[in-house]
Structures are given as C-alpha cells and as structure tokens.
Amino acid sequence: MASEDPAVLTKALESLLVEKGLITSTRIDEIVKNYEEDIGPMRGAQVVARAWSDPAYKERLLADGRAAIAEFGFTDPHGAELVVTENTDEVHNMVVCTLCSCYPWSVLGLPPTWYKSFAYRSRAVSEPRTVLKEFDLDLPESTEVRVWDSNSDIRYMVLPKRPAGTEAMSEEALAEIVTRDSMIGVGEVALGSDR
Amino acid sequence: MDGVHDMGGMHGFGPIVRDELSYHDEWEVRVHGISNAMAVNGGGRFSLESLDPAVYLGSSYYERWLLARINTLLQSGVITQDEFDASVANYATNQQADLPADDPEAYAKALSAGDARDTEPSVDATAPRFDVGDQVVVCTIHPDGHTRLPRYVRGRRGTVILRYRPQGFQDHEPIDDQDGVQPMYAVRFEGTELWGDQAEINSSVVLDMWEPYLEEEVATDGE
C-alpha cells in the first residue's frame, strides 16, 4: 500500500469517505479555500502592528493573547489558548514543536515546510543560536534565547521588536513590514522587509 | 509513546532547508482538507506517532498524515481493507475517475453524532499546586500510550514562569479527556540543565507542563 502513489491513496480515501457519507468533497473544498484565501500571516502582522501602535492594546495582548486577538475576529474553532511573547534586548523568543507541528495557524496560517522539518524540530531546542544563524540572525550573548516548545494545545506567537526609524509609520504601513519569520522568532523586523 | 517523533535534541538531521512552501502537491492540500473535514476520528497525533519508525522518517509530512488516517480507519473498521484496495485499484487505473456524489444529509448526521460523543472534559476543581517562581522537577515516565512529555525534559529541574487556565490532559489518547482538565504551567529550563556543557550560551527552553508531569516541589529558600 505504501508503495502506491499518495495522490491515488488520497483519492481512494476521499472516495470511500464520500460514499459512506462521512465527508463531502464540498466541505473539503471550503476548508481548502479558507486556508488559501483568508488565513495567513497577514493576520498576525495586523496584531503586531496594533501592539506597536497602541500601548493599551499591547498590554491586553501580552496579558491574554487569545482575547486580544479575538478583537480582530481571529479565533481558533477549538478555543485554543494563544500566548504572545515579547522580544526585547534581554530575551529573544522563538517557537518550535519538537513532537509534531503545532503552530499558531489562526494568526499565521499554515506552517512552512522547514518549520515541520526534522532538522528544525530536533535542533531548535538544543542549538537555537546555531539555528538562528542559519536564518541570518546572530544574537549577542547578552540576549537570552528562549525557545518555546509547543507541546500542548497552547499556541505561541512572538511579538517582534519594533525597528528603529518606524516612529512615524501608520499601523497599516507597519503591518506591511512584519514578517512571518519574525512572529515565529527566527527573524527580526527590519525597515524595508516585506512579508 | 517514546517514538521517533520525539525529536527534541536529536542529532543527524542536518541544516535547516529553507523550504517556505506549505504544500508541494495537490493531493497534500486534499489530505489536509480531508483530515479537517472527516466526521469520524482520524486518530489524531497518536496515529502519527504509531507509524512504523522507518515509515515515519522516510515519508513527507502529508504522507504521514495520509498513512496515519488510513491506518486508523482500517483499524477502527470504518473502512475495510478489501474496499480500500478496490478503491485504490480503481483510481490507480484512472486517476481522473470521478468521485462519488456528495451526500450532505448523511454527512450532517455523522457530524452531529460525532459532536454528541465529544463530551466536555470534566473540570477538576483542584487548586493548582504550584505558583509562578516555584522550582519543579519533571517526572520520569516511559509510556507506550500517547504523551506530550518529551524525553529530553524528563527528570529535569525548571522554574514555573506562567500559570495558565487548566487544559485537557492528553496522555492516554485516543481515550482522550479521560483524565479531565489539569492545572497547566509554563516551565522554563536552563539550557545547561537540559544539555549540560554542550548547551549554547544563555539559552533556555519553555515547555507546557500539565500538573501530573511535575513530580515534586523543591524547597527554594524563598527565592
């Protein structure tokens, strides 16, 4: 069976489930479309931009990420906890799931393949600085690198540092420069970066 | 279970390959959609961990999802091996063959039957044992069922840095929620506590710890 083409196995499975009334192809299409069109890192970027622009919002966000993010209408159907951790000069946070592929998809969409790779899953906890260098991020020894291993249903998103020189920028303009990688914690936001 | 999926700290997987795509093929999109939409238990994480280790390591991400779903449905008898083989043979001959027509009524019925089975976890009224700042030790276990306690942190000492709302305890899946909800903490471990001299400088790991994972409390001299 495993030697079969996965495309064939997938279609064989879908076909049986449809036949038994345990799924509809229409529902699968809806889910796929939702991920393609509506859920992605532009959501997290809006949250970050607001936190940078509105101190009261940032306070709410760090105190209860799930509730503050729900203000945008971004929710997890299972009601999962969403914790936002703030990067500072003292602590740099990054997120991994060593056991599987847990990811804050309600704000970042689907994870890239590298996030689910054996290399990232195995190494992020034991050699985070080396991993970050592979993402071109070289942090000073004075900054603690704190890795959040998402081993429960709590989801983590990083609030990156606001880059210097962005003081005059609007919330909308800020959202444009917030990268997905910065919200996973494997990058920083730079002026002129582009999601 | 202590399988190959528990990868934290393993060596040998090489550098990070910056593959930014979520999907590479149309069938992967479909597998993701099927896993989210199906009205029967697809086996969850335990079915992924239960794949043969060589298959787990040798398959792509969505291949693992696909094989785990198929195994679960065959084991639970939702589909039989014969009908699955026949379906595979049919599409192997003609990949463009049509899918059967949707039966939205049957699907709605199956979904609501599933909802009725999903009982809310019982709420354990026990007050949390630990406070932020407490030093704790992680228990040592070797379960053959599901657990969310990675090997690399067992027996290690850490500090509670956050206390969360209680969360559904997941060990012993697929009979999930048997143990109701448990107090939940974020516990921070120094890199050196986990990796000894090989730890990278000024690094730490935070894990979510259900209270049953935390075995004992260590006196902290009021630190």
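A note on names: the letters A, B, ... follow the listed sequences, proteins ahead of strands, and every chain is numbered from 1.
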Heavy-atom cut-off 4.5 Å, strictly under: side chain, backbone, both or neither for B/L73 against chain A?
side chain
Value for OG1 (A/T113) from OH (B/Y61), rounded to nearest 0.5 Å, stands at 9.5 Å
Given that the side chain runs from C-beta out, which part of A/I23 has a heavy atom under 4.5 Å from chain B: side chain, backbone, both or neither?
both
Side chains of A/Y35 and B/N36: donor-acceptor distance under 3.5 Å anywhere?
no
What part of B/Y62 lies closer than 4.5 angstrom to a heavy atom of chain A: side chain, backbone, both or neither?
side chain
Contacts of B/Y213 meeting ring pair (Phe, Tyr, Trp, His ring centres under 6.0 Å) (sequence neighbours excluded), chain-then-number -> B/F169, B/W210
Using the test side chain to side chain contact (heavy atoms under 4.5 Å, CB included), find all partners of B/A89 that sit at least two apart in sequence or belong to another chain.
none
Shortest non-hydrogen contact between A/K116 and B/R64, atoms and distance
O-NH2, 4.4 Å
Where on B/E20 is there a heavy atom nearer than 4.5 Å to chain A: the side chain, the backbone, both, or neither?
both
So what's closer than 4.5 Å to chain B heavy atoms on A/L22: side chain, backbone, both or neither?
both
Taking side chain as everything from C-beta outward and backbone as N, CA, C, O, which of these in B/H11 sits under 4.5 Å from a heavy atom of chain A? Side chain, backbone, both or neither.
neither
Ranking A/T130, A/I31, A/T10 by heavy-atom pairs under 4.5 Å to chain B gives rank one to A/T10
Applying a strict 4.5 Å limit to non-hydrogen atoms, the region of B/A108 in contact with chain A is neither
Non-hydrogen atoms of chain B under 4.5 Å away: do they reach the side chain of A/P111, the backbone, both or neither?
backbone
Proximal component of B/I161, with respect to chain A [non-hydrogen, under 4.5 Å]:
side chain
Contact origin within B/H32 toward chain A - heavy atom pairs under 4.5 Å
side chain
Pair count under 4.5 Å, heavy atoms only, with chain B: among A/G109, A/P112, A/C97, highest is A/P112
Once rounded to the nearest 0.5 Å, what's the spacing between atom CZ of B/R30 and atom CG of A/L9?
15.5 Å
What distance separates A/N151 CG from B/Q170 CD, expressed to the nearest 0.5 Å?
9.0 Å
Checking B/V78 against chain A: side chain, backbone, both or neither under 4.5 Å from a heavy atom?
both
May I ask you to decide if the ring planes of B/Y56 and A/F118 are parallel, tilted or perpendicular, using 30° and 60° as cut-offs?
parallel
So, the part of A/S142 with a heavy atom under 4.5 Å from chain B: the answer is backbone
Interchain contact, B/V17 with chain A, by part (heavy-atom threshold 4.5 Å)
backbone
So, for B/L66 and A/P6, which heavy atoms are closest and what is the spacing to 0.1 Å?
CD2-O, 3.6 Å
Less than 4.5 Å to any heavy atom of chain A: does that hold for the side chain of B/L207, its backbone, both, or neither?
both
